[in-house]
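Below is one structure; the comments refer to it alone.
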Amino acid sequence: MESGDLTDASEQLQPPRNEPQTETELLARCSVIAGMTLGELAKLAKVKIPKDFKRHKGWAGQLIELWLGAEAGSKPTQDFQHLGIELKTIPVDYQGMPLETTYVCYCPLQGLQGLNWLNSNVFNKLQRVLWLPVQGNRDIAPADRIIGNGFLWSPNANQINVLRNDWEELMEAIVLGNVAQITARMGDALHLRPKAASGQITAEATGDSGTLIQTRPRGFYLRKSFTQQILQQQFGTF
DNA sequence: CCGTGATCATGG
DNA sequence: CCATGATCACGG
């Protein structure tokens, strides 16, 4: 190919410069990237592609954010707050099954007066989620992993009940000073796990008899069995 | 084999 | 340190 042929920059697909103004626009952006690989999206956006995710664990999610027009950052709010939508990329295997649990949000350990399910960060984020499956098998290089079809989801009445029960059980234990006794085995759909840069990081919490203790920061995660049901609802049984 | 507990990068 | 984006990797 001679230089100058088919290289007009205006012909090149580029990441959007703004956040989507409507749900329709957001879904249209999903359609654009569906079927493409992470490598193609990275190259078009001039983003360096890691060989693996050992030291780039959030790379795919951040690349998707870029292509959907989500603001980067670490705000404890929905990704598309004006649309009331949270974005979650989810790594799936060749059968479309989740390969990992899904992080929801940080878990507050102090200042819990007045906190309830309906005003919780968990409920806020899970009210409406844009799920975007991405191939995640480790035998596929990051650059070759294909983006799936994103879809909007809201929990049905039964799913809300399960989530609320888990959340209330976990938060009650924290309020009662039992955070140190919580393990990731608690919770049917939603569970609690350490969430920090290392095991040395600490956060304040309430311990036995109301004493102040130092514990590992925790985050809420969705079990694979729960997200698997969501994917099955959308795409059918496997 | 798989889930739990640990860890990595980044921005504020 | 908090909170986001998550995946890694070891022990049961």
*asked:* Once you apply a heavy-atom cut-off of 4.0 Å, does A/Gly61 come out as touching a base, just sugar-phosphate, or nothing?
replied: sugar-phosphate
*asked:* Taking only side-chain N and O atoms of A/His56, does any of them lie within less than 4.0 angstrom of OP1 or OP2 on C/dA6?
replied: no
*Where does the angle between the aromatic ring planes of A/Trp59 and A/Phe53 fall among parallel (under 30°), tilted (30 to 60°) and perpendicular (over 60°)?*
tilted
_Quick check on C/dC8: is either OP1 or OP2 less than 4.0 Å from any side-chain nitrogen or oxygen of A/Arg138?_
yes
*asked:* Measure CE/A/Met97 against P/B/dC1 and give the value in whole Å, please.
replied: 16 Å
*When we call it a touch if two heavy atoms are under 4.0 Å apart, what does A/Phe53 touch: a base, just sugar-phosphate, or nothing?*
sugar-phosphate
*To the nearest Å, give me how far apart NZ (A/Lys54) and P (C/dC8) are.*
7 Å
_Do A/Arg29 and A/Pro16 make a side-chain contact, defined as non-hydrogen atoms from C-beta onward lying under 4.5 Å apart?_
yes
_Any side-chain N or O of A/Arg193 below 4.0 angstrom from OP1/OP2 of B/dG3?_
no
*asked:* Taking any heavy-atom pair under 4.0 Å as a contact, classify A/Glu86: base, sugar-phosphate, or nothing.
replied: sugar-phosphate
*A/Gln159 vs A/Gln233, side chain to side chain donor-acceptor pair (under 3.5 Å): CA-CA, chis, key distance, verdict*: CA-CA 12 Å; A/Gln159 290 167 330; A/Gln233 274 179 225; 2.6 Å; yes
*asked:* Heavy atoms only, 4.0 Å cut-off, all strands: where does A/Thr202 land among base, sugar-phosphate and nothing?
replied: sugar-phosphate
*asked:* Using a 4.0 Å heavy-atom cut-off, does A/Tyr221 contact any base of the nucleic acid, only the sugar-phosphate backbone, or nothing at all?
replied: base
*In whole Å, what is the span from the CG atom of A/Asn124 to the P atom of C/dT4?*
11 Å
*Determine: side-chain N/O of A/Lys195 to OP1/OP2 of C/dT4, distance under 4.0 Å, yes or no.*
no
_Most 5' of A/Thr101 and A/Pro108 on DNA chain C, judged by nearest nucleotide_ = A/Pro108
_What is the distance, to the nearest angstrom, from the CG atom on A/Asn137 to the P atom on C/dC8?_
11 Å
*Specify the separation, in whole Å, of atom CG of A/Leu99 and atom P of B/dC2.*
10 Å
*asked:* Using heavy-atom distances to pick each residue's nearest nucleotide on DNA chain B, tell me which of A/Met186 and A/Ala196 is more 5'.
replied: A/Met186
_Output the rounded distance in Å from CZ (A/Arg218) to P (C/dA3)._
15 Å
_Whether A/Lys224 contacts B/dG3 is assessed here as follows: a side-chain N or O lying under 4.0 Å from the phosphate OP1 or OP2. Is that the case?_
yes
*Heavy atoms under 4.0 Å, any strand shown: does A/Asp52 hit a base, just sugar-phosphate, or nothing?*
nothing
*When we call it a touch if two heavy atoms are under 4.0 Å apart, what does A/Arg185 touch: a base, just sugar-phosphate, or nothing?*
sugar-phosphate
*asked:* To check you understand the geometry: which heavy-atom pair defines the closest contact between A/Met36 and A/Leu41, and what is its length?
replied: CE-CD2, 3.6 Å
*So does A/Arg55 get a side-chain nitrogen or oxygen closer than 4.0 Å to the phosphate oxygens (OP1/OP2) of C/dC8?*
no
*Exercise: do A/Thr101 and A/Arg193 side chains pair donor with acceptor under 3.5 Å*: yes
*asked:* Could you check whether A/Phe151 and A/Phe235 have their ring centres less than 6.0 Å apart?
replied: yes
_Rounded interatomic separation in angstrom, taking OH from A/Tyr106 and P from C/dC1_ = 9 Å
_I need the CG-P distance between A/Leu66 and C/dA6, as an integer number of Å._
13 Å
*Does any donor-acceptor pair link the side chain of A/Lys57 with the base of B/dT7 at a separation under 3.5 Å?*
yes
*Which sits closer to the 5' end of DNA chain C, A/Asn121 or A/Thr102, going by the nucleotide each is nearest to?*
A/Asn121
